[in-house]
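In the text below, chain A, chain B and the rest are named by the order of the sequence lines, each starting its count at 1. Note that the coordinates shown come from a computational prediction; the quantities given were computed from them, not determined experimentally.
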Protein chains: 2
Amino acid sequence: MNPDLSKLDAYIEEADVDGYLIEADGETSDQRYLSGFTAPDPFVTLYTGETHLLVSALEYGRAQRTARADSVARHTEYDHRENIAEYGPTTGKHRTLAAFLDAHGVESVAVPEACPAGTADGLREQGVVVDVDYDGVVQSIRATKTDAEIDNIRAAQRANEAAMARAESLLEAAAAEDGTLLYDGEPLTSERVKREIEIELLRQDCALDETIVACGRDAADPHDRGSGPLEAGEPIIVDIFPRSKETGYHADMTRTFCVGEPDETVEEWYDLTHEAQQAALDAIEAGASGSEVHAAVCEVYEAAGEPTLRSDPETETGFIHTTGHGVGLDVHESPRVSEQDAELKPGHIITVEPGLYDPTVGGVRIEDLVVVTEDGYENLTDYEKQLVVGDDA
Amino acid sequence: MNPDLSKLDAYIEEADVDGYLIEADGETSDQRYLSGFTAPDPFVTLYTGETHLLVSALEYGRAQRTARADSVARHTEYDHRENIAEYGPTTGKHRTLAAFLDAHGVESVAVPEACPAGTADGLREQGVVVDVDYDGVVQSIRATKTDAEIDNIRAAQRANEAAMARAESLLEAAAAEDGTLLYDGEPLTSERVKREIEIELLRQDCALDETIVACGRDAADPHDRGSGPLEAGEPIIVDIFPRSKETGYHADMTRTFCVGEPDETVEEWYDLTHEAQQAALDAIEAGASGSEVHAAVCEVYEAAGEPTLRSDPETETGFIHTTGHGVGLDVHESPRVSEQDAELKPGHIITVEPGLYDPTVGGVRIEDLVVVTEDGYENLTDYEKQLVVGDDA
């Protein structure tokens, strides 16, 4: 993958610094994106138009082979041992880093907001100018995906669908007894379904972030992961967001299921949410704002008399979250699909996930993952939307 | 769990600041430890002798119920919306945080090295003095475990043993054909064994960090996770370090297996490593230094003519890492068991993991997890040490 870093060049020019510096481990998305390298311990990437890495001896060989860098250096090349011996581990480390910057003619750097304060202050003590990039320029570059990144997310979404199918098959096979779902004679719990989802994701070579399988009151809180026995006739929200172990890219999808007959409100909510999602999808195209997509959802809900945060900022029921978010190396990244103005561009990958919530009813949410294109969108999600599954006794 | 924070009180006094400030998500160990709270998004903990949290509205209820805090506040209590509207999201956020500090009479804070530079600089712009704690005082407090923490680690170690038993059973059941191990008629790979380990850990309600199943040349590099078919007659290093999903605490254990007859060098290395581990364990007691424990390992290896980093700092074969590390909320934490002086104290939990490596032979490592006690140690590991398993054809 060769990202287009022209925005970073422009940022460096505008900020009037010599380079952009990231010190973080390879699980930090800006770091992985800029360096093309991942490692468990923090390492340094300096971007000056060229990309230069500073890594430990342990990571040196692998960084040389796999990083997307114009040069890779080891600490020892900058008298690291001598610096530590003479100045101690903290100042010694900062002197080594300052010497690395100096070797690349860099006297001033911008750093991400999350740069360790210890490193920023330590470099300043060595005479380096360190400015914080509060705009998150690398994050904004990451919002637009290359074709290779889209393929990575597509692959993670295929894994996601396999996991969702596993969850649905458990629900389908469950039998209702006194309102509680049984599977193999035992109560079917949120925990059991989550475990089977996670095992399927492992088989698909995906890592496990959290998974949501929430029923009843749990489902009425969009941030509740769910726990305990699942009930017949109640909406069950299943929200899965795996990360490919190999590529680091995520997918994200939600379906709501009901084993047996839901009550009328849940059915209405489901149809309304489906309609709201389609209205949002219809509003997506390059040049549109995330706020227009969000407004399309609010309009459908409000027209049906459901509260939204737009119609009542204090509401605790109805549509109480935003419409979506970017997905990539982070499961939540730019752009936001909310009341904020955020221009959609070709190659943005966003979720579209309207939902309705009320503790007295439960919750309903439907979420697809799409790529913004010049004249619309491509839906990366290939999974049926059907509320009622299994035991319809 | 009620940690003893008297060292933090002393640090604040010594550093001449009004409080200690952590802004991080709940997966960050210092944050989880000090607040007793975990959340996916960053929140703020201020320690002044009392513990005060500042969280989003979303987390407020849960923080009130579950955090170990004297007070929990929401951003809205400090005019957050007005600040954002008037000063934008960045400065607005810093003004809210400064107002929270001011409400607690705090004009100066110490922060961990990893504190976001954006927050440190932003608070300084609001007139707050921000000093970086390069000593990592919370990390040093975390090194000494309470009884509740020891129980958490013990429970994670039980899960670890179940996963190791699963790996061993796969190896036991494998058949050698032309030197390659077969299982169910297919080549048994590192990836397959890792997957079964991870599935077992999921069943034990543990999260998955990486796992090492490394054979042959892979095993000769202590940082190689291993890949591809496993070979008969070769040492296979299995290193598992799970984290309990519920408590966040880790365990850590390594065993080395050989399916069928190993060559003589591997057998010698195994016995020697076993002996080195016992020598290290015998050196552990409160008041001893980690460097003495590490020296005990080096002495056994050097007496047998094996190179160590002590006898030859440039060696790439022999004993090429340190003896161990602390384990807790982080899988690698204080104290180190290395050539550095680090006094062992009752309640420290450390690994003891000597090993020998050479690309022409492979690698051997044996790792147990122990608690330091007044007069020795308690071994938390309950898993046999036996090199040869299964097919001895």
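- By the side-chain contact (heavy atoms from CB on, under 4.5 Å) test, A:Ala85 pairs with no residue at all, sequence neighbours left out.
- One distance of note links CG of A:Asp135 with OG1 of B:Thr90; it measures 7.0 Å at 0.5 Å rounding.
- Look at B:Arg62 and A:Asp221 and you find no salt bridge, because none of the NZ, NE, NH1 or NH2 atoms lies under 4.0 Å from a carboxylate O.
- Heavy-atom distances place no part of B:Arg192 under 4.5 Å from chain A, backbone and side chain included.
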- Take A:Lys245 and B:Glu191, measure what salt bridge (Lys or Arg N to Asp or Glu O under 4.0 Å) needs, and give me the verdict at the end. CA-CA 12 Å; A:Lys245 281 192 188 185; B:Glu191 289 82 354; over 6 Å; no

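- Put simply, of A:Val130, A:Asp133, A:Leu58, A:Val111, the one with the most heavy-atom pairs under 4.5 Å next to chain B is A:Leu58.
- Of the listed residues (B:Ala120, B:Pro116, B:Ala117, B:Pro222), the greatest number of heavy-atom pairs within a distance under 4.5 Å of chain A belongs to B:Ala117.
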- Assess whether side-chain contact (heavy atoms from CB on, under 4.5 Å) is satisfied between B:Tyr134 and A:Lys93, documenting all intermediate values. CA-CA 12 Å; B:Tyr134 286 105; A:Lys93 181 191 135 188; over 6 Å; no

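- Contacts of B:Lys194 with chain A are absent, with no heavy-atom separation under 4.5 Å from either backbone or side chain.
- When each of A:His332, A:Glu23, A:Arg195 is scored by its heavy-atom pairs under 4.5 Å with chain B, the top score falls to A:Arg195.
- Residue-environment remark: CZ (B:Arg81) stays at or below the threshold of 12 foreign heavy atoms within 6.0 Å.
- For CD of A:Glu316, the number of neighbouring non-hydrogen atoms (other residues, nucleotides, ligands) closer than 6.0 Å is 12 at most.
- Residue B:Arg336 places its CZ atom among 12 or fewer non-hydrogen atoms of other residues, nucleotides or ligands, all under 6.0 Å distant.
- The number of heavy atoms from other shown groups lying within 6.0 Å of CZ (A:Arg225) is above 12.
- For A:Glu82, the CD atom sits in a packed shell: over 12 heavy atoms of surrounding residues, nucleotides or ligands are nearer than 6.0 Å.
- Interatomic distance, CD1 of B:Ile199 versus CD of A:Glu198, reported as 11.5 Å (0.5 Å rounding).
- No more than 12 heavy atoms of other residues, nucleotides or ligands sit less than 6.0 Å from atom CZ of B:Arg217.
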